[in-house]
Asks: 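Starting off with a structure, shown below.
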Amino acid sequence: MDHSHHQHNTMKNHRNPSMGSVGHDHHRMMINDFKKRFWVSLVLSIPVVVLAPMIQDVFGFKIDFAGRALLTFLLSSLVFFYGGFPFLKGFISELRKKNPGMMTLISLAIITAYAYSTAVTFGLDGKTFFWELATLIVIMLLGHWIEMKSILGASKALEKLADLMPSVAHVLQADGSTLDVPIQSLKKGDLILIKANEKVPADGKVIKGSTYVNESMLTGESKPVEKKENDYLIGGSIIGSSSLNVMVEKTGEDSYLSNVIKMVKEAQASKSKTQNLANKAAKWLTYIAIIAGAITLTYWLLNDKPFVFALERMVTVLIIACPHALGLAIPLVVAISTSISAKNGLLIRNRTAFEYSRKISAIVFDKTGTLTKGEFGVTRIASKSSKYGKEELLQMAAALEQNSEHPIAQSIVKHAKAKELDIPEVENFESITARGVQGLISGKEVKVVSPKYLEENELTLPGDAYSNAAETVIFIIIDNALSGFIGLADEIREESEQAVKTLQKNKIKVFMATGDNKIVAKAVSDFLALDGYYAEVLPHQKVEIIDNLKDEGHIVAMTGDGVNDAPALAKADIGIAIGSGTDVANETADIILVNSNPKDISNLILFGKATYWKMIQNLIWATGYNVITIPL
């Protein structure tokens, strides 16, 4: 049973963050449950083993007394029902799904051993298998406990999605006042006030006001988007430094975020059917055990042996077919590999996906915050005047831009502060409508303007102004002379180029799917020499891209960091989250890159291959003796 990917999708809708909160707590409870069952079963098993006639014969001692057989039966019954409960429960689950695995194999062995040994205790001719039953349960409990401890555990993706929404909304009243109400009370047509820097509580249309809105984690758009009257707002996005009056258009199940939650839930449900290596091995061993047992029983009956004689040999075969070593063969590899991975910046949440990583043939990257830094920052500064250096130009631009809430302005000011530059005073500050800003700095007339301003005032655009289509460039004019320019963009991570080359060298196709515009997407794709890109895509379209690649026969990995990536992360064969991204992405993914370094993905694939072959090696050692012992 793969405890690494239990889903606890109890959330009914995105308005109640308390729902679905059983995730990690439930996983911890399961670990503690296996731990407790292991220790109790171990203590009960010691006298069962000591009192077993076969053990006494092997080690040359004798303990016998009236009621020994009954005591062994009672202790073994406790081990069977208490220690074996998780396996019996899992066995029923596998039967319902018609998909036998580890639980079926273990249960087949322990039910057969217990039923036959009980019959022998109360009169049937034969030997009991109580010590084999007890030790098998103890070792399997130990294996599951070790494995569960090593995996990060259950996903809380849906809970994290719910947390994106604020708990209350400010509803505007007829007299102009506001009334704070829970967001579940909102309905279509309500007029709400959203204050500066607040989260948008519902999808709606701007009725009054304008500001820049950060939608990057929802849509993938790298730049804050300007919103004014009649523009559409998405619930969960964050508005800038001005308030807005908004008419609610979609709430509850109809909202953008609810649709994302629905897609994540559907993707997780379809993905949880995947079987890991241990379950596949157990499935085949189950078939072998049943067939070998049936052949054994039939053979001896056809050779005129008593039914009790044939039954004893059939039971022996069924118990032998469930190797004790199988209980530790995979869990120990999982525990060690997850520990090594964590030390190297890879947190494994789902071991089945980790086993699959060796097969990746196509990988889809989100752009914003994954291949790029996700921050709109200064990429270069160029001086076109012998009078002013780059730092002086930056100081003057920052001085003029510090009064603006525009994302470009804020990025310039942030860059100047990061360089610890003194920002001079500005006199006679003015805004040049839709073209820039101007003012007096130390007696000089300084303007920070757009390319459109140069065009309208017949100023020559420098030939090197545009090196990259993804860049936004602003120009600095001092005393009516073009003195330089500043380029800004969402910077590509230094590690991305090497990561893409390494993946392509390993015959893995690399694609990009982004909510950003086509010009920016093409520029990033061309720079990194990707195998293809998809621009202006919504969350459901990212899922479609994953599905299409799967239909082409690819084993697909998805790497992302935002809410808009969550459904695709859940849908992909392997979902990989960038550690610096949203909690939603991290909770939905199978593997988290702690260092947010795309290069770690190639390490993941190589380590996945090494881990898989170690599992195969252990399975051969764990099950290999069956080749000899079942025929014997």
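Below, each value reflects all heavy atoms present in this structure, side chains not excepted, and no hydrogens, waters or symmetry copies. Because the structure is a prediction, the values reported are computed rather than measured.
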Asks: What orientation do W284 and Y287 show, parallel under 30°, tilted 30 to 60°, or perpendicular over 60°?
Replies: perpendicular

Asks: Which residue in the set T588, I574, D590 passes side-chain contact (heavy atoms from CB on, under 4.5 Å) when paired with L569?
Replies: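 The option that passes is T588.
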
Asks: Minimum heavy-atom separation for L311 to L297, with atom names?
Replies: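 Nearest pair, atom of L311 first, then L297: N-CD1, 3.9 Å.
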
Asks: Under the side-chain hydrogen bond (donor to acceptor under 3.5 Å, both in side chains) rule, collect the residues that match up with K359, sequence neighbours excluded.
Replies: none

Asks: Might you point out which heavy atoms bring I146 and A335 nearest each other, and give the distance in Å?
Replies: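 That closest heavy-atom pairing would be CG2-CB, 3.6 Å.
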
Asks: Just how far is it from atom NZ of K599 to atom CG of N603, taken to the nearest 0.5 Å?
Replies: 8.0 Å

Asks: Got I605 and N506 here, is their nearest side-chain heavy-atom distance under 4.5 Å?
Replies: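 No, their side chains stay 4.5 Å or more apart.
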
Asks: What residues form a ring pair (Phe, Tyr, Trp, His ring centres under 6.0 Å) with Y114, not counting sequence neighbours?
Replies: F80, F81

Asks: Please check if the side chain of Q56 supplies one atom and the backbone of I63 the other of a donor-acceptor pair under 3.5 Å.
Replies: yes

Asks: Quick test of your reading: applying side chain to side chain donor-acceptor pair (under 3.5 Å), list the pairs with at least one residue in residues 549-558, sequence neighbours left out, ordered by first then second residue.
Replies: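 Sorted result for residues 549-558: S361-H554.
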
Asks: Among L604, T559, L347, I601, find the one that has a side-chain contact (heavy atoms from CB on, under 4.5 Å) with I591.
Replies: L604

Asks: Holding to side-chain hydrogen bond (donor to acceptor under 3.5 Å, both in side chains), I want the full list of residues that pass it with E495, two or more places apart in sequence or in another chain.
Replies: none

Asks: Return the minimal non-hydrogen interatomic distance between L75 and P47, and the atom names on each side.
Replies: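 Closest approach of L75 to P47: CD1-CG, 3.6 Å.
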
Asks: Just so I know, are the side chains of F607 and I340 near enough to count as touching, which here means a heavy-atom distance under 4.5 Å?
Replies: yes

Asks: Might you point out which heavy atoms bring L71 and F65 nearest each other, and give the distance in Å?
Replies: CD2-CZ, 4.0 Å

Asks: What pair of heavy atoms forms the shortest contact from L133 to A113, and how long is it?
Replies: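 Heavy atoms only, the tightest pair is CB-CB, 4.1 Å.
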
Asks: How close do G84 and I110 get, heavy atom to heavy atom, and via which atoms?
Replies: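 Smallest heavy-atom distance, with atoms named: CA-CD1, 4.3 Å.
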
Asks: Taking the six-membered ring for Trp, are H144 and F38 ring centroids under 6.0 Å apart?
Replies: no

Asks: Verify side chain to side chain contact (heavy atoms under 4.5 Å, CB included) between I546 and K542, making sure each step is shown before the conclusion.
Replies: CA-CA 6 Å; I546 300 293; K542 289 191 177 184; 5.7 Å; no

Asks: Measuring only between side-chain heavy atoms, which start at C-beta, is I111 closer than 4.5 Å to F87?
Replies: no

Asks: Tell me if the CZ atom of F61 is crowded by more than 12 foreign heavy atoms within 6.0 Å.
Replies: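 Check passes, neighbour count above 12.
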
Asks: Using side-chain hydrogen bond (donor to acceptor under 3.5 Å, both in side chains) as the criterion, list what pairs up with D33, not counting sequence neighbours.
Replies: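 Per chain and number, D33 pairs via side-chain hydrogen bond (donor to acceptor under 3.5 Å, both in side chains) with R37.
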
Asks: Quick one: side chain to side chain donor-acceptor pair (under 3.5 Å) pairs with a partner in residues 290-317, sequence neighbours left out?
Replies: none

Asks: Measure from the ring center of F354 to the ring center of Y612 and say whether it is less than 6.0 Å.
Replies: no

